[in-house]
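Sequence lines set the chain letters: A, B, ... in the order given, protein chains first and strands last, and positions in each chain run from 1.
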Amino acid sequence: MYAAAPMQNFIRDIIEADLQSGKHASVVTRFPPEPNGHLHIGHAKAICVDFGLATVLAGRCHLRMDDTNPDAEDMEYVAAIQRDVRWLGFDWAEHLFFASDYYEQLYEHALHLIRIGKAYVCSLTEEEMREHRGSLTEPGTESVHRGRTVDENLELFTRMRKGDFAEGEHVLRAKCDMASPNMKLRDPAIYRIKRTPHYRTGNAWCIYPLYDYTHCLSDAFEGITHSICTLEFENNRDLYDWVLNQFEVSAEPSPGTIPCRPRQLEFARLNLSYTMMSKRKLLQLVQEKRVSGWDDPRLPTLAGMRRRGYTPEAIRAFCEMIGVAKNNSLVDVGKLEFCIRDDLNRRSPRVMCVLAPLEVQLDGFPEAGIEPLVVPSFPAELSLPGSRSVPIGSRIFIEQEDFSETPPPEWHRLSPGAVVRLRHAGLIRCEEILRDGTGSVTGLRCRWLGHDEANQAKAKGTIHWVCAETALDVEVRVYDRLFDVEVPESLEQLNPTSLAVLTHCKLEASAAGAECGASFQFERHGYYCADTDSRPGRLVFNRTVTLRDGWTRDDAKDRADTREAALARQEKQRAGAAMAARAPSAAGLEGVERTRAEAYVAAHGVSEAVAVVLAQHRQLGELFEQTVGAGASGKAAQVTANLIANELAGHLSDGPRALPFGGVELAELAGLVTQGTITHGVAKEVLGQLVTRGGRPGDLVAALGGEALSVSELGPLVAAVLAAHPDEVSRYRAGKNTLLGFFVGKLMRASRGKADAKAAEDLLRSRLG
RNA sequence: UGGGGAAUCGUCUAACGGCAGGACACAGGAUUCUGAUUCCUGUUAUCUAGGUUCGAAUCCUAGUUCCCCAACCA
């Protein structure tokens with residue numbers, strides 16, 4: 001069962017804040033797939049977020065089939081989704097829901113929307129609607145049907161439900177805003193007529209609600225508190241909120257109410273290198289038979305990964321490793337491979353399997369032969385129980401790759417005259433190469449040296465082997481990445497060698513009973529699991545992942561990556577340097593803006609960059625002029641200018657608006673700073689209060705107790721900070737100079753921003769020195 | 001072109017305005033009957049330019065790059 005992982009991310013922070021503030025008593029999330037395809041590793045990330053967060057925060061997570069489009073949905077997918085979520089290790093208990101169960105309720109709520117004048121039946125064709133929608137830059141135009149009366153709409157919509165109309169004749173639309181800069185808000189369709197039978201409701205309905213209308217209401221019906229989805233739905237959030245805002249939040253069920261007000265949060269979906277994640281493309285791969293089915297082990301579907309030998313634990317560890325954020329990122333598939341190796345290492349018994357056999361005749365065996373070897377299933381350092389019996393005879397198979405007639409430097413394996421260790425079975429020396437008529441190698445003759453300690457040092461390497469007499473003849477399917485390129489875009493980029501079927505591989509006899517799904521480490525190769533095609537006597541294995549290989553590893557690519565990155569950095573620096581020529585200057589402005597900027601610099605000594613900001617933003621400039629008018633001059637004027645351009649501008653970033661204070665207050669504030677009554681930090685805080693509730697700076701400072709501390713008051717604070725952080729003190733004294741900022745920070749916190757940081761820094765330095 | 005998002009080691013991801021941290025990858029070393037595992041050690045990053053500040057990855061201004069939005073799909 002799922003063990004709660006940390007799942008520390010920004011979404012968790014938001015939910016915890018909502019819990020903390022009492023907005024919600026407990027968290028309720030949902031995972032809402034449409035049952036029109038199989039789940040893949042990208043869904044696994046979403047499942048880990050939705051279910052994982054609910055588990056960690058002691059809430060609950062619903063599984064909801066978002067089945068509002070009868071075209072491709074199917075019960076088979078519903079079953080597969082449930083199986084996959086469960087396999088991943090999550091449990092929705094009794095909270096399995098279907099959007100299709102809400103059809104009646106959704107219909108009643110649509111009626112409410114019509115009654116309050118927020119929805120209308122539109123009879124434009126699909127194409128006309130597209131034309132009316134406008135473009136990204138131009139507003140849309142309203143439909144002629146937008147003015148239909150409530151009664152007309154009610155009648156038309158009930159007749160739509162009754163089946164009086166053909167597909168496409170009418171749609172129900174939300175009456176939002178055809179001129180909205182957000183395209184999603186330009187009167188989106190919320191119901192359409194569809195004659196396709198639904199896999200659950202059959203022909204009971206011929207109108208179906210659309211996603212933006214259905215999803216938010218389904219969330220509300222179920223009491224979802226946080227509706228977590230992927231980034232591409234950010235644009236839909238306004239609509240999500242718009243729909244819900246048309247209803248009153250009330251525990252009393254009615255067409256005009258919803259029981260709770262959920263909030264939508266978005267995170268970046270998973271992209272994996274060398275992998276394709278789009279449902280559509282995956283479907284195409286299956287339909288065009290480029291792969292064997294939804295569970296082809298090369299596919300990133302959970303069904304495929306399960307068949308390939310991936311474990312739920314590894315996939316969950318992967319999801320935890322990659323984190324949750326809003327960056328569009330491309331995760332290296334190597335991270336997934338690390339997770340599965342890490343997991344399988346601890347759970348897969350070791351066996352020996354020769355993929356490409358080379359027969360070896362062993363001389364020097366005792367006359368009577370030797371007993372089967374009993375060897376551990378796991379290396380000692382794992383301290384796991386289990387052993388197996390491994391027969392050996394005078395004929396064995398070794399890997400063709402483990403023999404080289406002309407070995408390269410650093411070769412640890414067999415070569416003419418060389419000694420290697422047979423895993424668990426003593427040393428051999430290669431004495432003769434056997435060839436066929438054409439001269440190619442058909443086998444070797446080696447001398448078995450037994451476990452002679454004197455020869456130990458001669459063996460540089462250990463190779464695996466299988467007894468020829470008792471070897472199992474098995475099939476091994478060796479998978480490689482499905483695509484050739486890091487970010488595949490077309491099916492033409494398929495890797496032609498993504499599957500190699502190896503037959504007549506030689507597996508040690510102890511694995512004869514391997515059941516489907518059983519996972520092994522084929523020593524020195526990788527992790528393999530028995531495929532669903534595997535039968536007793538006809539075993540078939542899938543390569544899950546190779547072992548890490550420090551010998552043949554090709555790191556040329558990584559070196560190239562690093563070099564490219566360095567070049568890219570240099571390029572950026574150059575571009576930046578070129579940009580420096582365009583640093584803000586009054587001379588770069590035109591007309592009144594230029595005149596104003598120049599005046600601010602000349603008359604008040606305002607820095608050029610700040611003057612430019614004030615000149616370009618009318619409200620800021622006016623406020624500055626008022627402040628000067630109220631008596632701020634010289635140093636005070638400059639302080640004001642900086643405060644306005646750097647602090648106030650942030651409060652006003654959504655555009656100009658009325659402020660509850662003016663130049664008089666700002667002049668007073670600047671005066672407090674220039675007189676040394678308050679620090680710059682306190683001034684920023686006071687300005688923030690001024691913006692939100694107005695008032696007189698003098699009063700605000702008094703209420704805050706914000707007068708600057710005298711130097712004599714600093715001493716005890718410094719002592720306290722140093723006493724509280726002995727480790728940091730010794731690290732600083734050991735040379736970690738950047739810690740000075742750490743101490744200053746602590747001190748500023750302790751003084752609530754009232755300390756003179758410069759003086760404090762000097763004091764700290766002398767005390768630490 | 002309007003709107004909405006995002007920019008931190010090669011990759012993924014952290015850091016109330018105060019120590020740029022972790023993981024993967026890579027390199028070196030130790031251990032090893034798997035060129036594996038394990039264990040040390042190390043290299044490498046705040047998109048650019050200006051500004052504010054004692055102090056900026058974080059705040060301000062301007063710019064650059066990438067992603068999403070014009071289904072009666074979800």
Out of B:rC33, B:rU37, B:rC54, whichever nucleotide has its closest atom nearest the side chain of A:E381: B:rU37
Proximity to the side chain of A:V744 - top-ranked nucleotide from B:rU13, B:rU37, B:rC54: B:rC54
Sort out the partner of B:rC26 for me: Watson-Crick or G-U wobble, both distances under 3.5 Å, none otherwise. B:rG42
Candidates B:rC19, B:rC72, B:rC12 - which lies nearest the side chain of A:R731: B:rC19
Which nucleotide, B:rU13, B:rU37, B:rU34, lies nearest any side-chain atom of A:R548? B:rU37
Let's test this: given Watson-Crick or G-U wobble pairing with both distances under 3.5 Å, identify the partner of B:rC59. B:rG51
In whole Å, what separates the P atom of B:rU48 from that of B:rC54? 24 Å
Report which part of the nucleic acid A:M352 touches: base, sugar-phosphate, or nothing (heavy-atom distance under 4.0 Å, all strands). nothing
Give me the distance, rounded to whole Å, that separates B:rU34 from B:rC9 when you measure between the C1' atoms they each carry. 32 Å
Stepwise salt bridge (Lys or Arg N to Asp or Glu O under 4.0 Å) test for A:K194 and A:E167: CA-CA 6 Å; A:K194 244 180 204 299; A:E167 278 191 18; 5.7 Å; no
Of A:L422 and A:D332, whose nearest nucleotide on RNA chain B comes first from the 5' end? A:D332
Select one nucleotide: of B:rU34, B:rU53, B:rC12, the one nearest the side-chain heavy atoms of A:L547. B:rU34
Tell me whether the ring of A:Y211 lies stacked over the B:rA74 base, given a 5.5 Å limit on centroids and a 30° limit on the plane angle. no
Answer with base, sugar-phosphate or nothing: what part of the nucleic acid does A:E728 contact at a heavy-atom distance below 4.0 Å? base
What nucleic acid atoms does A:V612 come within less than 4.0 Å of, heavy atoms only: base, sugar-phosphate, or nothing? nothing
So, is A:R341 near the phosphate of B:rC24, with a side-chain N or O under 4.0 Å from OP1 or OP2? no
Can you tell which of B:rC19, B:rU13, B:rU11 lies closest to the side chain of A:K335? B:rU11
5′-ward residue of the pair A:H215/A:H424 relative to RNA chain B: A:H424
Does A:L330 reach a base, just sugar-phosphate, or nothing at all? Heavy atoms under 4.0 Å. sugar-phosphate
Which listed nucleotide (B:rU37, B:rU61, B:rC73) is nearest to the side chain of A:N69? B:rC73
Which nucleotide, B:rU61, B:rU53, B:rC60, lies nearest any side-chain atom of A:Q616? B:rU61
Over all strands shown, is A:R423 touching base, sugar-phosphate only, or nothing at heavy-atom distances under 4.0 angstrom? base
Output the rounded distance in Å from CG (A:N36) to P (B:rA71). 20 Å
Between protein and nucleic acid, restricted to nucleotides 2-6 of chain B and to nitrogen or oxygen atoms under 3.5 Å apart, what atom pairs and distances do you find?
from  : atom 1 : to     : atom 2 : distance (Å)
B:rG2 : N9     : A:L136 : O      : 3.3
B:rG2 : N2     : A:P181 : O      : 3.3
B:rG2 : N3     : A:L136 : O      : 3.1
B:rG3 : N2     : A:N235 : OD1    : 2.9
B:rG5 : O2'    : A:E234 : OE1    : 3.1
B:rG5 : O2'    : A:E234 : OE2    : 3.1
B:rA6 : O3'    : A:N327 : OD1    : 2.9
B:rA6 : O2'    : A:N327 : OD1    : 3.0

Take atom C1' in B:rG18 and the same atom in B:rA7, then report the distance between them in whole Å. 23 Å
Consider the side chain of A:H412, meaning its heavy atoms from C-beta on, and name the nucleotide among B:rG51, B:rA14, B:rG35 that approaches it most closely. B:rG35
Parallel, tilted or perpendicular, as decided by the 30° and 60° cut-offs, for the rings of A:Y600 and A:F624: perpendicular
Do A:F522 and A:Y528 have ring centres separated by under 6.0 Å? yes
Identity of whatever pairs with B:rU37 - Watson-Crick or G-U, under 3.5 angstrom: none
Do A:D549 and B:rG35 share a donor-acceptor pair, side chain to base, under 3.5 Å? no
Using a 4.0 Å heavy-atom cut-off across all strands, classify A:T462 as base, sugar-phosphate, or nothing. base
Please work out whether the ring planes of A:Y211 and A:H215 are parallel, tilted or perpendicular, with thresholds of 30° and 60°. tilted
How far apart are the C-alpha atoms of A:R731 and A:D727, what are their side-chain angles, what is the distance that settles it, and do they pass the salt bridge (Lys or Arg N to Asp or Glu O under 4.0 Å) test? CA-CA 6 Å; A:R731 276 169 60 210; A:D727 289 354; over 6 Å; no
With A:E232, which of A:N235, A:T230, A:N236 fulfils side-chain hydrogen bond (donor to acceptor under 3.5 Å, both in side chains)? A:T230
Aromatic ring proximity A:Y191/A:Y213, centre distance under 6.0 Å: yes
So what does A:H617 hit on the nucleic acid, given a heavy-atom distance under 4.0 Å: a base, only sugar-phosphate, or nothing? sugar-phosphate
Report which part of the nucleic acid A:G650 touches: base, sugar-phosphate, or nothing (heavy-atom distance under 4.0 Å, all strands). sugar-phosphate
Side-chain atoms of A:H451 come closest, of B:rG18, B:rC33, B:rA70, to B:rC33
Give the ring-plane orientation class for A:F165 versus A:H170, where under 30° counts as parallel, over 60° as perpendicular and anything between as tilted. perpendicular
Do A:Q521 and B:rU34 have a side chain to base donor-acceptor pair shorter than 3.5 Å? yes
Re B:rC66: Watson-Crick or G-U wobble partner, both distances kept under 3.5 Å, found to be B:rG5
Evaluate side-chain hydrogen bond (donor to acceptor under 3.5 Å, both in side chains) for A:E523 paired with A:Q521, printing each intermediate quantity in order. CA-CA 6 Å; A:E523 284 192 286; A:Q521 185 193 104; over 6 Å; no
Let's go through A:E138 and A:R133 carefully: what are the C-alpha distance in whole Å and the side-chain angles of both, what is the deciding distance for salt bridge (Lys or Arg N to Asp or Glu O under 4.0 Å) to 0.1 Å, and is it a yes or a no? CA-CA 9 Å; A:E138 311 146 54; A:R133 191 148 27 229; over 6 Å; no
Would you classify A:T679 as touching base, sugar-phosphate or nothing, given that sugar-phosphate means primed atoms plus P, OP1 and OP2, and contacts are heavy atoms under 4.0 Å? nothing
